[in-house]
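One structure below.
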Number of protein chains: 2
Amino acid sequence: MVCEERIIAADVLKAMAHPVRLGVIEILADGERTVTQLYEELGCSQSMMSQQLKILCQQKLVDIRKEGTQKYCSLCNRDFLKLFDCMHRHLRRFLNFQD
Amino acid sequence: MVCEERIIAADVLKAMAHPVRLGVIEILADGERTVTQLYEELGCSQSMMSQQLKILCQQKLVDIRKEGTQKYCSLCNRDFLKLFDCMHRHLRRFLNFQD
DNA sequence: TAATGATATTATTATATCGATATATTTGGC
DNA sequence: GCCAAATATATCGATATAATAATATCATTA
């Protein structure tokens with residue numbers, strides 16, 4: 001990776017580095033959801049969800065399609081889901097995370 | 001992942017989400033380096049490197065061993081290197097990154 | 001066309017991060 | 001004990017991010 005590439009990669013990582021945004025990705029791993037479903041399931045405000053989704057879309061982590069008055073969210077790139085297993089193990093092995 | 005876990009996972013991701021810190025991980029993938037080697041290779045200041053290494057160590061991404069007056073840095077968890085391939089592809093496929 | 005449900009935007013405040021500079025600490029050799 | 005090399009810490013202004021509340025937009029339906 002060249003320097004310029006690392007700057008962009010850092011932005012993608014930053015977009016994932018937030019508990020709500022990680023929650024969104026995790027839920028969407030299971031399939032499409034509307035914006036309302038997402039913020040209800042994650043217990044955050046509608047405004048918060050809208051802002052976090054914007055960040056995820058900018059980095060092309062989440063895709064949104066419109067259907068009438070609702071918007072359906074889905075993952076752009078399921079490849080990143082590997083990261084969750086990896087992280088899961090890291091927290092337990094290196095950061096003593098207890099279930 | 002439960003909510004508490006996502007907060008910690010977000011901290012780990014944040015620790016990676018910086019061009020210099022990504023550079024460190026990339027270089028260390030190739031093997032151990034001293035602090036001086038790292039900041040020279042990445043072209044940043046000694047102070048900057050020391051600060052960034054601290055963040056990487058806190059999240060147990062990098063390990064440091066002392067030998068005399070120098071410190072040798074290495075990766076704690078090579079598992080995260082997968083992320084680089086993944087990111088490489090994401091930048092090209094979804095964010096139109098040109099080499 | 002007015003009301004309603006779904007979502008987005010804006011503004012604000014608090015807090016965190018960045019990058020630079022200056023200074024401190026530690027260690028080994030003399 | 002003193003010096004130099006290697007590394008760490010403290011501070012500071014600038015910028016970015018977070019969280020919340022208030023308001024706006026947009027599409028549907030009555």
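Throughout, a chain's letter reflects where its sequence line sits, starting with A, and its residues are numbered from 1. It should be emphasised that the depicted structure is a prediction, and the values quoted were computed from it without experimental measurement.
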task: Test B/Glu67 against B/Arg65 for salt bridge (Lys or Arg N to Asp or Glu O under 4.0 Å), laying out the working first.
output: CA-CA 7 Å; B/Glu67 196 175 306; B/Arg65 80 182 165 85; 2.5 Å; yes
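For DNA chain D, no neighbouring residue in residues 60-68 of chain B is found when judged by any heavy atom under 4.0 Å.
Remark: B/Lys71 is in phosphate contact with D/dA8, judged by side-chain N or O atoms under 4.0 Å from OP1 or OP2. Side-chain nitrogen and oxygen atoms of B/Thr69 include none within less than 4.0 Å of the OP1 or OP2 phosphate oxygen of C/dT27.
Base contact: B/Gln46 has a heavy atom under 4.0 Å from a base atom. Using a 4.0 Å heavy-atom criterion, one finds that B/Thr36 contacts the sugar-phosphate atoms exclusively.
A donor-acceptor contact shorter than 3.5 Å links the side chain of A/Arg92 to the backbone of A/His88. Side-chain N or O atoms of A/Arg89 include none that pairs as donor or acceptor with a backbone N or O of A/Phe94 at under 3.5 Å.
Residues B/His90 and A/Lys60 meet the side-chain proximity criterion, which asks for heavy atoms closer than 4.5 Å. With contacts defined as side-chain heavy-atom distances shorter than 4.5 Å, the pair A/Cys73/A/Leu28 qualifies. By the 4.5 Å heavy-atom criterion applied to side chains, A/Tyr72 and A/Ile64 are not counted as neighbours. At least one side-chain heavy atom of A/Phe80 sits under 4.5 Å from a side-chain heavy atom of B/Met87.
For B/Lys54, taking side-chain heavy atoms from C-beta onward, the closest of the listed nucleotides C/dA8, D/dA8, D/dT9 is D/dT9.
Spacing between atom CE of A/Met49 and atom P of C/dA8 amounts to 11 Å, rounded to whole angstrom units. For B/Gln70 and C/dG28, the CD to P distance is 11 Å, given to the nearest whole Å. If you take CG of B/Leu56 and P of D/dA8, they are 12 Å apart, rounded to a whole angstrom. Per the geometry, CD belonging to B/Gln37 stands 11 Å off P belonging to D/dA6, to the nearest Å.
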message: Please encode protein proximity along nucleotides 15-21 of chain C as a string of B, S and -, counting only heavy-atom distances under 4.0 Å.
response: ---SBBB
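A salt bridge links B/Lys82 with B/Asp79: the distance from a Lys NZ or Arg NE/NH1/NH2 to an Asp or Glu carboxylate oxygen falls below 4.0 Å.
When the options B/Gln52, B/Gln51, B/Glu26 are evaluated for a side chain to side chain donor-acceptor pair (under 3.5 Å) with B/Arg21, the one that passes is B/Gln52.
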